[in-house]
Amino acid sequence: LKVADEQIKSATIEPMRQQWVAIRHSLRMSAGMMDEEDLAFFRSQLASIKGDPYSIYRFGYSILSQAQQGADIGPLGKDVIAALTAEIEAADPEMHPAIYNTIARLHDFEGNLSEAVKAQQAAVDSTEDPRIKRRLTPLLEELREKAGEPAEAAEEEPEK
């Protein structure tokens, strides 16, 4: 954080300063030091990409990655879920499985297993590609088990 602060102060061009500001906020989140200022920063980033499903997905995946590495993402999980849900219909259909999968994983981190199961089921249902379905199904089964839901019989699909 000290290095980031020094870089912010010494940056001579605004894009470089902004990059270091973002790094500083990410470091604070990773270290479990996120406060209202950091939260406001991430929320402003999310608001600035509204209407761009791909950028929101990338942002959401980044927040998910932080959570998977042990960072306390606080209320950002709910914010990202809402943003992804709002943009999914505008997203390229090929992105739907990845977006729903990210939503499911964030719901899982939030402890909302029923919504996680629904989102992961949507991920599986949103693709016809059997390889993608096979990659997404184990998480669906894991979430169902965690939620205490019965496993559904897997549909057999011919290999392509």
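In what follows, every heavy atom counts, from backbone to side chain, and hydrogens, waters and symmetry copies are set aside.
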Ring geometry between His96 and Tyr100 (parallel below 30°, tilted from 30 to 60°, perpendicular above 60°):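 Plane angle over 60°, so perpendicular.
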Is the backbone of [Y] close enough, under 3.5 Å, to the side chain of [X] for a donor and an acceptor to pair up by distance?
X: Ser126; Y: Ala123; answer: yes
X: Thr85; Y: Ala82; answer: no
X: Arg28; Y: Met33; answer: yes

Test of understanding: clusters of I, L, V, M, F, W, Y form through side-chain heavy atoms closer than 4.5 Å, transitively. Do [X] and [Y] belong to the same one?
X: Ile103; Y: Ile49; result: yes
X: Ile88; Y: Leu64; result: yes
X: Ile132; Y: Leu140; result: yes
X: Phe109; Y: Leu39; result: yes
X: Met95; Y: Leu136; result: no

Do NZ/NE/NH1/NH2 and the carboxylate oxygens of Lys118 and Glu115 come within less than 4.0 Å?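 The answer is yes: the pair qualifies as a salt bridge.
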Give a yes or no on whether a salt bridge exists between Glu141 and Arg144, defined as a side-chain N under 4.0 angstrom from a carboxylate O.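 The answer is no: the pair does not qualify as a salt bridge.
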[atom1]/[X] to [atom2]/[Y] distance, rounded to the nearest 0.5 angstrom?
X: Tyr57; Y: Leu84; atom1: OH; atom2: CG; result: 9.0 Å
X: Leu139; Y: Lys146; atom1: CG; atom2: NZ; result: 8.5 Å
X: Ile63; Y: Ile81; atom1: CD1; atom2: CD1; result: 12.0 Å
X: Glu110; Y: Ile73; atom1: CD; atom2: CD1; result: 6.0 Å
X: Ile99; Y: Tyr54; atom1: CD1; atom2: OH; result: 10.5 Å
X: Glu142; Y: Leu113; atom1: CD; atom2: CG; result: 10.0 Å

Using every non-hydrogen atom in the two residues, find where [X] and [Y] come nearest and quote the distance to one decimal.
X: Asp125; Y: Lys133; answer: CA-NZ, 4.1 Å
X: Ala104; Y: Leu143; answer: CB-CD1, 4.3 Å
X: Asp72; Y: Met34; answer: O-CE, 3.7 Å
X: Leu46; Y: Asp79; answer: CD2-O, 3.7 Å
X: Gly51; Y: Ile56; answer: N-CD1, 4.2 Å
X: Ala4; Y: Arg24; answer: CB-CB, 4.0 Å

With Ser30 as reference, evaluate Gln69, Gln66, His25 under the side-chain hydrogen bond (donor to acceptor under 3.5 Å, both in side chains) test and give the passing residue.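 Of the listed options, the one satisfying the test is Gln66.
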Beyond-backbone contact of Phe41 with Glu37, side-chain heavy atoms, under 4.5 angstrom: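 Not in contact.
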Under 4.5 Å between any side-chain heavy atoms of Pro53 and Glu89, yes or no?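 Not in contact.
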Using a cut-off of 6.0 Å, state whether more than 12 heavy atoms not belonging to [X] lie near its atom [atom1].
X: Glu145; atom1: CD; value: no
X: Arg43; atom1: CZ; value: yes
X: Glu14; atom1: CD; value: yes
X: Glu94; atom1: CD; value: no

Would Met29 and Phe42 satisfy side chain to side chain contact (heavy atoms under 4.5 Å, CB included), going step by step from the backbone distance to the final call? CA-CA 10 Å; Met29 181 192 304; Phe42 288 115; 3.3 Å; yes
Side chains of Gln120 and Arg105: do they bring a donor and an acceptor to under 3.5 Å?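 No - no donor-acceptor pair under 3.5 Å links their side chains.
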